[in-house]
Student: 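Below is a structure I'd like to ask you about.
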Amino acid sequence: QRDRRREERGQAEVGGDEDDEGAGNGCRHGERLYGQRFADSTHATNPQLRARAEAWLAQDPDPETRAELAALLRRVDAGVHSSIEDLADRFNGRLAFGTAGLRGEIGAGSNRMNRVLVAQAAAGFAAFLRARAVTAAGGTPEALDAPWPVDAEPVASIVLGYDGRKNSRVFAIDSAEIFAGAGLRV
């Protein structure tokens with residue numbers, strides 16, 4: 001029953017316990033290669049992972065991570081088992097925002113640091129800040145759905161910074177554009 005709920009939510013996972021039925025098929029934890037069903041229902045099917053990866057690829061503005069993911073998908077299509085595990089690691093979870101912010105390995109996927117993930121986080125934070133500012137000023141929830149007029153006074157301010165780490169400046173610029181588009185002073 002837990003497995004069915006997990007599949008319905010799209011949160012199935014690759015891998016499992018060492019004693020999974022079918023573990024003798026030559027693959028870790030009983031999974032099978034691309035195009036076949038996994039040994040038991042707790043595992044995500046590779047078509048599900050591929051669909052997540054292709055959706056990610058369609059929205060990724062970064063040529064480096066797009067090329068990285070496209071190459072990984074070609075290896076998955078070729079049946080390279082380690083590539084299937086890599087795809088599962090990248091898309092069977094989401095990088096979490098912690099006390100130190102978003103931190104993780106840089107690469108393509110929802111469980112990696114990249115421009116798509118940073119843009120999604122910035123859009124969510126911008127919506128939160130805008131909602132607080134509009135509500136505090138006596139605005140209505142309907143005002144939140146309207147696009148922010150270009151000549152309107154910003155509803156709140158945010159300060160962004162970056163350092164010398166890979167893509168830090170790009171992440172800051174992408175975030176600044178999203179915050180400004182949401183009506184925040186950057």
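What you see is a predicted model; the values in this text were computed from it and never measured. Starting from 1, each residue takes its place in the sequence as its number.
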Student: Using the test salt bridge (charged side-chain N to carboxylate O under 4.0 Å, His left out), find all partners of R66 that sit at least two apart in sequence or belong to another chain.
Tutor: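 So R66 forms no salt bridge (charged side-chain N to carboxylate O under 4.0 Å, His left out) with any residue.
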
Student: Can you find a pair of side-chain heavy atoms, one from I158 and one from F125, that are under 4.5 Å apart?
Tutor: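 Yes, at least one pair of side-chain atoms sits under 4.5 Å.
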
Student: At their closest point, which heavy atom of L95 faces which heavy atom of R103, and how far apart are they?
Tutor: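 It is CD1-O, 3.3 Å.
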
Student: Can you tell me how far CG of D174 sits from CG of L160, rounded to the nearest 0.5 angstrom?
Tutor: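 L160 atom CG to D174 atom CG measures 11.0 Å (nearest 0.5 Å).
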
Student: If you take all heavy atoms of N114 and F171, which pair is closest and at what distance?
Tutor: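 Nearest pair, atom of N114 first, then F171: C-CE2, 3.6 Å.
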
Student: Got R94 and Q120 here, is their nearest side-chain heavy-atom distance under 4.5 Å?
Tutor: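 Side chain of R94 against side chain of Q120, heavy atoms only: contact under 4.5 Å found.
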
Student: Looking only at heavy atoms, which two atoms of F179 and A126 are closest? And how far apart?
Tutor: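 The answer is CD2-CB, 3.5 Å.
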
Student: Please determine whether the number of non-hydrogen atoms from other residues, nucleotides or ligands lying under 6.0 Å from atom CZ of R169 exceeds 12.
Tutor: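 Open: at most 12 neighbouring heavy atoms sit under 6.0 Å from CZ of R169.
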
Student: Could you report the tightest heavy-atom contact between R112 and D86, atom names first, then the distance?
Tutor: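 Nearest pair, atom of R112 first, then D86: NH2-OD1, 3.7 Å.
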
Student: Kindly give the heavy-atom pair with the smallest separation between S168 and Y162, and that separation in Å.
Tutor: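 Distance-wise, the nearest heavy atoms are OG-CB, 3.1 Å.
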
Student: Could you give the distance from CZ (R52) to CG (L87), rounded to the nearest 0.5 Å?
Tutor: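 Output value for this atom pair is 9.0 Å.
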
Student: With a 4.5 Å limit on heavy-atom distance, are the side chains of S157 and V186 in contact?
Tutor: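 No, side chains not in contact.
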
Student: For a quick test of reading the model, state the closest non-hydrogen atom pair linking R130 to L184 and the distance between them.
Tutor: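 Closest pair (atom of R130, atom of L184, distance): N-CD2, 4.5 Å.
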
Student: Check this for me: does any side-chain nitrogen of one of K166 and E64 sit under 4.0 Å from a carboxylate oxygen of the other?
Tutor: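 Result for this pair is yes, salt bridge flagged.
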
Student: How would you list, by chain and number, every residue that makes a side chain to side chain contact (heavy atoms under 4.5 Å, CB included) with S83, sequence neighbours excluded?
Tutor: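 With neighbours one apart ignored, the set is L72, R75, V76, V80.
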
Student: Does any donor atom in the side chain of Q59 or R115 lie under 3.5 Å from an acceptor atom in the other side chain?
Tutor: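 Side chains of Q59 and R115: no pair found under 3.5 Å.
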
